[in-house]
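As the structure is a computational prediction, the values presented were derived from the model and not from experiment.
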Amino acid sequence: MAMRLTLSGPWGVLAVTLAIQALVSMTVITVPAMAPAVAQGLQVPASLVGAYIGLVYIGATVASSVAGPLVLRYGALRISQWGLLACAAGMAVTALAPSLAGIVAGALLVGLGYGPITPASSHLLAKSTPAHRAALVFSIKQTGVPLGGVMAGAIVPPLVLAGGVGLALWSVAAGCVLCALLAQPPRAELDADRDPTRAVSPASFLRPIGLVLGHPQLAPLAAYSFVFSAMQMCLAAFLVTYLHTQLGYSLVAAGAALSVAQAGGVVGRVLWGYVADRWLGTGRMLAALAALMGVCAAATAALQVGVPRTLVLALLAAFGASATGWNGVYLAEVARRAPAGMAGTATGGSLAITFFGVVLGPLLFSAVSALFASERAGFAVLAAAVAVCAWRLWRGARSSAAPAAGAR
């Protein structure tokens, strides 16, 4: 009983949702973190990792579109457990069928498991967290995405060297199953508000998108998030391959560098929210983050063999802090610009467009990299795209009359 009461409190729920988010995020990055080894086994270009990420987020887009009704009908924690098991199944299918068809099926399963996790965790946190702690708790929970990337970069490459691709896939699958089982004790209490009679339908999915596309301030903001999410996912998906093939890093060293970048995102997700609230405001903070992304992407594209590892890791920490740390500030800006009482709907529509960036960004990155025979070209194109976003955001922030929250 004591365990159940602890887990049902705000910090207990945060621990559960953070662990779930980190595990499912790790499954998304598991294959990219060992892309050179997977590509060698299948005798295909490692740049096809972009197609893998696109497939994952096609599945995630479909799953997230019906997540709300599913959460209300079956319970948020139950949906989270199903998501973990779907991600585990994706890893298992990839291990059992080491072929392009197996990887496609595994990617779609991982996406179907990943998609409903954020709506489910938000439901749990919203009803368990006191209002005066909400910003901190939600910010900490958001670190689960880059934390999963840290875990993938640090754990997956050594497992590949120790026992091959199969060992890495089965290990991650086992972690997801274990997390789903550990989440069972508080399930009855945390899902007490479920309504088994509630209808499940994806028909309402298009309404939030219509709101965003028809709003003069939300539409451009959603477009920026398309570019930002593409940058975020391409950094996670292609960094190991880029460092391994272009700069001569070992698989383990490249994986460690990915962990550094993702760790920067963990810190950034909390830090940028504090800076925005305290000094800059969300609009200016987004502009600054876009500028930092552009500089870091351009510098990454220009890296050469022989650059000191310390400098490379410092660059990647800044790259990760900006490219993986913008999400919380973005969601706050969406809420600020949304019509009164429509923040939730606007957020849903905006995130749908954000997902499209995750789907299409790696595919476009793969195409550009294949055309120029180097991931350098992909990072350079992203740097140019995000620089345009930074310029537009800065102009918008300067013309806005809204002061930075808490600046005075």
Side-chain angles (χ1 to χ4, degrees), residues 26-59 87 90-111 148-149 151-173 230 233-259 261-262 300-301 303 305 316 358-379 382:
M26 184 182 183
T27 65
V28 174
I29 305 300
T30 291
V31 170
M34 56 181 178
V38 174
Q40 183 178 10
L42 297 178
Q43 296 186 338
V44 297
S47 59
L48 284 179
V49 69
Y52 176 87
I53 293 297
L55 288 168
V56 168
Y57 275 88
I58 288 173
C87 288
M91 296 287 96
V93 168
T94 305
L96 290 170
S99 62
L100 286 178
I103 288 179
V104 168
L108 290 172
L109 281 169
V110 168
M151 293 162 59
I155 296 172
V156 170
L159 286 174
V160 173
L161 294 181
V165 169
L167 175 63
L169 291 168
W170 283 115
S171 298
V172 176
M233 190 49 62
C234 288
L235 174 62
F238 295 99
L239 181 62
V240 169
T241 299
Y242 175 58
L243 294 177
H244 182 68
T245 60
Q246 301 293 315
L247 300 183
Y249 281 48
S250 70
L251 190 61
V252 171
L258 174 62
S259 291
Q262 295 296 312
T300 300
L303 286 174
V305 175
L316 294 178
V358 176
V359 172
L360 295 181
L363 296 176
L364 295 174
F365 189 104
S366 291
V368 171
S369 298
L371 181 63
F372 291 93
S374 173
E375 286 79 16
R376 297 183 190 277
F379 284 117
L382 280 174

Checklist entry - Is the backbone of Thr300 close enough, under 3.5 Å, to the side chain of Arg376 for a donor and an acceptor to pair up by distance? => result no

Distance check, rounded to the nearest 0.5 Å: [X] atom [atom1] versus [Y] atom [atom2]?
X: Leu364; Y: Ser369; atom1: CG; atom2: OG; answer: 10.5 Å
X: Leu382; Y: Glu375; atom1: CG; atom2: CD; answer: 12.0 Å
X: Phe238; Y: Met233; atom1: CZ; atom2: CE; answer: 10.5 Å
X: Phe365; Y: Leu235; atom1: CZ; atom2: CG; answer: 9.0 Å
X: Ile103; Y: Leu55; atom1: CD1; atom2: CG; answer: 10.5 Å

*asked:* I want to check something: taking the side chain as every heavy atom from C-beta on, are Tyr52 and Val38 in contact at a cut-off of under 4.5 Å?
replied: no

Residues 251-258 side chain polar contacts: donor-acceptor under 3.5 Å, at least two apart:
none

Residues passing the ring pair (Phe, Tyr, Trp, His ring centres under 6.0 Å) test with Tyr242, sequence neighbours excluded, are Phe379

side-chain contact (heavy atoms from CB on, under 4.5 Å) filter on Thr30, not counting sequence neighbours, yields Met26, Met34, Met91, Val156, Leu169, Val172

Sorted by chain and residue number, the side-chain contact (heavy atoms from CB on, under 4.5 Å) partners of Ala377 (sequence neighbours excluded) come out as Val368, Phe372

Across all chains, not counting sequence neighbours, the side-chain hydrogen bond (donor to acceptor under 3.5 Å, both in side chains) partners of Tyr249 are Arg309

Contacts table for residues 93-101: side-chain donor-acceptor under 3.5 angstrom, sequence neighbours left out:
from	atom 1	to	atom 2	distance (Å)
Thr94	OG1	Gly90	O	2.8
Ser99	OG	Gly102	N	3.2

